[in-house]
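Computed from heavy atoms alone, side chains included, the values below leave out hydrogens, waters and symmetry copies. Treat the numbers as computed from the prediction; the structure is a model and nothing was measured.
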Amino acid sequence: MASPYLFPELFPGTQPPTMSDPITLNVGGKLYTTSLATLTSFPDSMLGAMFSGKMPTKRDSQGNCFIDRDGKVFRYILNFLRTSHLDLPEDFQEMGLLRREADFYQVQPLIEALQEKEIELSKAEKNAMLNITLKQHVQTVHFTVREAPQIYSLSSSSMEVFNANIFSTSCLFLKLLGSKLFYCSNGNLSSITSHLQDPNHLTLDWVANVEGLPEEEYTKQNLKRLWVVPANKQINSFQAFVEEVLKIALSDGFCIDSSHPHALDFMNNKIIRLIRYR
């Protein structure tokens, strides 16, 4: 039977639910029962918007609110809504998946708690090495400029293209890096962790802003830009990239390897090697 809360139009005169009334969710096929107060405990989150009436919700055949996301890790998100504490088993192996789900639900305190947890796990690792090789070149990009409703002209400009080849014996550090650096492509931000070649190796390719290049041309020509969050700052030079990586690495216990690379290579942003001792 359909629920009067889920389908109020079928039950005229039904009293709205209280904050403590039970609500059943179907998350990816797994059922969870909780309260309206729990689901709206973080009003700025997607769940807060869904259950305050700001966003439409889907229903399954039983009238339960249906969310097409991973049902297994939702238990940790729901428990955080209940207690504001992140409780994970010691052998938890799905940190990346949980981070993506937290990003989807936009529970900002949970996102911050996960970042702190990953830093904690990374620091618990033994000795580690981080090596980054940087390359840069200039290429010409051609694009059309609309000068009038029916008038277009062909233009071109020089573009800085960057490549960073990153290797670390600490796969947790690369995940930490992925929580800070994002590609901007097709108008959306996506974590660089989706481009991991293996748990210890990451290659980044991006471009700097090109003066006069229309925004849609970045999408047409598959030109990715690199952003650092939560500062929401675009990285337009190797100097800016090195500064951000150093801040992240030093906060994770790394230090500069004084024996390698050569000082000129480091100062010229060609090679970065950092080490961490435990």
Under the 3.5 angstrom rule, does the side chain of [X] hit a backbone N or O of [Y] as a donor-acceptor pair?
X	Y	result
Gln115	Lys180	no
Thr24	Asn64	no
Gln221	Tyr218	no
Asn236	Asn209	yes
Ser168	Met129	yes

Do [X] and [Y] come within less than 4.5 Å of each other through their side chains, counting heavy atoms only?
X	Y	value
Leu181	Ile235	yes
Leu274	Leu246	yes
Ile272	Val245	no
Tyr183	Leu226	yes
Asn131	Ile271	yes
Cys65	Arg59	yes
Leu86	Leu110	yes
Leu98	Ile77	yes

From [X] [atom1] over to [Y] [atom2], what is the distance, rounded to the nearest 0.5 angstrom?
X	Y	atom1	atom2	result
Phe51	Thr38	CZ	OG1	11.0 Å
Asn200	Thr169	CG	OG1	7.0 Å
Ser179	Leu114	OG	CG	9.5 Å
Phe167	Thr203	CZ	OG1	12.0 Å
Ile67	Met50	CD1	CE	4.0 Å
Glu160	Gln139	CD	CD	10.0 Å

Using the rule that Ile, Leu, Val, Met, Phe, Trp and Tyr join whenever any side-chain heavy atoms are under 4.5 Å apart, tell me whether [X] and [Y] fall into a single cluster.
X	Y	result
Leu172	Leu88	yes
Ile111	Leu39	no
Met46	Tyr32	yes
Leu174	Val242	yes
Leu31	Leu36	no

Shortest non-hydrogen contact between [X] and [Y], atoms and distance:
X	Y	value
Ser158	Val138	CB-CG1, 3.8 Å
Ile23	Ser35	CD1-C, 4.4 Å
Asp252	Arg276	OD2-NH1, 2.9 Å
Ile132	Ala164	CG2-CB, 4.4 Å
Ala208	Gln234	C-NE2, 4.4 Å
Pro43	Ser41	CD-O, 3.5 Å

query: In the hydrophobic cluster built from side-chain contacts under 4.5 Å, what are the other members alongside Phe182?
result: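 The other cluster members (ILVMFWY side chains, heavy atoms under 4.5 Å, direct or chained) are Leu189, Trp227, Val229.
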- prompt: Is a side-chain donor-acceptor pair under 3.5 Å present for Asp60 with Gln62?
  reply: no
query: So, Asn165 and His201: side-chain donor and acceptor under 3.5 Å apart, yes or no?
result: yes
task: In sequence, state the C-alpha distance, the side-chain angles, and the governing distance for Val210 and Leu223, and then conclude on side-chain contact (heavy atoms from CB on, under 4.5 Å).
output: CA-CA 11 Å; Val210 179; Leu223 302 172; 6.0 Å; no
- request: Carefully, step by step, assess Leu47 and Leu81 under the rule side-chain contact (heavy atoms from CB on, under 4.5 Å).
  value: CA-CA 10 Å; Leu47 289 168; Leu81 297 180; 3.7 Å; yes
Holding to salt bridge (charged side-chain N to carboxylate O under 4.0 Å, His left out), I want the full list of residues that pass it with [X], two or more places apart in sequence or in another chain.
X	value
Arg82	none
Glu116	none
Lys247	Glu244
Glu211	none

message: Checking Trp206 against Ile192 for the side-chain contact (heavy atoms from CB on, under 4.5 Å) test, could you report, in this order, the C-alpha distance in whole Å, the side-chain angles of both residues, the deciding distance, and whether it holds?
response: CA-CA 11 Å; Trp206 76 97; Ile192 62 172; over 6 Å; no
message: For Phe241 and Phe162, I'd like to know if the aromatic rings sit close, meaning centre-to-centre distance below 6.0 Å.
response: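 No, the ring of Phe241 stays outside the 6.0 Å limit from the ring of Phe162, centre to centre.
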Pair Leu78-Leu25, side-chain contact (heavy atoms from CB on, under 4.5 Å): steps then yes or no: CA-CA 11 Å; Leu78 185 57; Leu25 309 181; 5.6 Å; no
query: When you look at CZ of Arg69, are more than 12 heavy atoms from neighbouring residues, nucleotides or ligands closer to it than 6.0 Å?
result: yes
query: For Phe42, which residues count as a ring pair (Phe, Tyr, Trp, His ring centres under 6.0 Å) partner, sequence neighbours excluded?
result: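 Phe42: ring pair (Phe, Tyr, Trp, His ring centres under 6.0 Å) contacts with Phe80.
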- prompt: Salt bridge check: are Arg75 and Glu94 linked by an N-O gap of less than 4.0 Å?
  reply: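 Salt bridge between Arg75 and Glu94, a charged N being under 4.0 Å from a carboxylate O: no.
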